[in-house]
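Just follow the structure's listing: the first ligand is 1, and inside any ligand the first atom is 1. Just so it is clear, the model here is predicted, and its values are computed rather than measured.
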Amino acid sequence: MKAVIPAAGLGTRLLPMTKIQPKEMMPILNKPAIQYVVEEASFSGFDQILIITNRNKKVMEDHFDRNIELELALRRKGAYKALKELERIEGLANLFYLRQKEQKGLGDAVLCAENYVSHEPFAVLLGDDIIISDVPAIKQLWDAYERVKAPVIGLEIVPKDHVERYGIVEPGEEVEPGLFELKSVIEKPDPKRAPSNMAIIGRYILDPEIFSWLKGSKSGVGGELQLTDSISRYIPEKGLYGMLITGHRVDIGSTSDWLKANLEVALLDPELRPKVSQYFDELRALGKI
Ligand code: UTP
């Protein structure tokens, strides 16, 4: 099964950190964000993964490649646990890389995958959205795709005053708990005119028809080729479903989101949780928060 991870964006909201360092390589605790995403795809059975990258993000490829010098050093030190972890990361999937030449938006990044995908349905996972869940989010969508035999996109309920940051759906019939037939999708709507507060999060199962629609579409919000605009074409053609993901999404798009993501993941770690709580207690006692 094939998955595509668009990770070629400029990450301007995280400057200056992202001037040299790709946003997707920002750490969430001790792992780069993109590793969580590759693991989610791999644990869901996607063994062929194409990462859309750009000329300044070679370090992402290096992260998943072997580092013989490091391996030798770890072996000499007897650091076998670390060595095993490196081998696990290198063996996660068959990874392919393709450069998006100009950052013309998410739709354009997905379009870069056309030849790789060929005629099969495929998964798209955004490289800067991490979803913490028992069943990997993209597996939840793939299982739903197999039941409804039509494209399925991942959804999350967001506060009403945040809808203008997301693609928002107009849900129709709820065909299974949390799985909706969709009537329309709209990118970054004005909160007053938003059809719901169900937001599209960075997980999709799409059919290859999307490529011809992307090729025929014009730039949308922000002058970028929007994926949401082309996805809406599925609705009259073959149907489109949206599924509320069981899990919790953490985004790393802005500095505050990235900081929150680190804290949330730390609080889920049984070893780190008491240390983080204690640190906050200390800050509170000192009157710093
Ligand atoms: P974002 O819009 O969140 O990422 O795209 P960005 O453009 O890097 O961020 P800012 O707004 O400048 O801070 C969501 C995902 O789509 C990828 C990004 O890498 C990110 O993983 N993307 C976006 C591309 O691959 N190419 C693009 O042209 C735009």
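Under 3.5 Å, the side chains of Glu264 and His248 contain a donor-acceptor pair of N or O atoms.
Close contacts of ligand 1 with Glu24, meaning ligand atoms under 4.0 Å from a residue heavy atom, involve 18 (C), 19 (O), 20 (C), 21 (O). With ligand atoms numbered from 1 in the order given, ligand 1 contributes 26 (N), 27 (C), 28 (O), 29 (C) to contacts under 4.0 Å with heavy atoms of Gly105. Short contacts between ligand 1 and Gly127, defined as distances under 4.0 Å to a heavy atom of the residue, involve ligand atoms 21 (O). For ligand 1, the atoms lying closer than 4.0 Å to a non-hydrogen atom of Leu10 are 8 (O). Of all atoms in ligand 1, numbered sequentially from 1 with element shown, those under 4.0 Å from a heavy atom of Ala109 are 24 (C), 25 (O), 26 (N).
Looking at Arg88 and Glu39, a side-chain N of the basic residue comes within less than 4.0 Å of a carboxylate O on the acidic one, giving a salt bridge. A salt bridge links Glu40 and Arg203; the closest N-O separation between the charged side-chain nitrogens and carboxylate oxygens is under 4.0 Å. A salt bridge does not link Arg147 to Asp143: none of the charged side-chain nitrogens sits closer than 4.0 Å to a carboxylate oxygen. No salt bridge links Glu164 with Lys188; every basic N to acidic carboxylate O contact stays at or beyond 4.0 Å. Salt bridge present: Lys238 and Glu209 bring a charged side-chain N and a carboxylate O closer than 4.0 Å.
Looking only at protein heavy atoms, the nearest one to atom 26 (N) of ligand 1 is Gln100 OE1, 2.7 Å. When hydrogens are left out, the protein atom nearest atom 12 (O) of ligand 1 is Thr12 OG1, 2.6 Å; that is the closest non-hydrogen contact. Of the protein's heavy atoms, Gly11 N, 2.8 Å lies nearest to atom 8 (O) of ligand 1. Scanning all protein heavy atoms for the shortest distance to atom 21 (O) of ligand 1 gives Pro6 O, 3.0 Å. Protein heavy atom in closest approach to atom 16 (O) of ligand 1: Leu106 CD1, 3.7 Å. Atom 23 (C) of ligand 1 has as its closest protein heavy atom Gly9 CA, 3.8 Å. When only non-hydrogen protein atoms are considered, atom 11 (O) of ligand 1 lies nearest to Arg13 NE, 3.1 Å.
Residue pairs meeting the ring pair (Phe, Tyr, Trp, His ring centres under 6.0 Å) criterion with at least one member in residues 169-218, sequence neighbours excluded, are Phe122-Phe211, Trp213-Tyr234.
Both the backbone and the side chain of Ala8 come within 4.0 Å of ligand 1, judged by heavy-atom distances. Residue contacts with ligand 1 for Lys23 involve side-chain atoms from C-beta outward but no N, CA, C or O (heavy atoms, distance under 4.0 Å).
Using a 4.5 Å cut-off on side-chain heavy atoms (C-beta onward), Tyr97 and Leu50 make no contact.
Listed for the Ser42 side chain is no donor-acceptor partner under 3.5 Å among the backbone atoms of Val38.
Remark: Lys31 qualifies as a cation-pi partner of Tyr36 under the 6.0 Å distance and 45° angle criteria applied to the six-membered ring.
When the heavy atoms of Ile5, Asp128, Ile51 are ranked by distance to atom 15 (C) of ligand 1, first place goes to Asp128.
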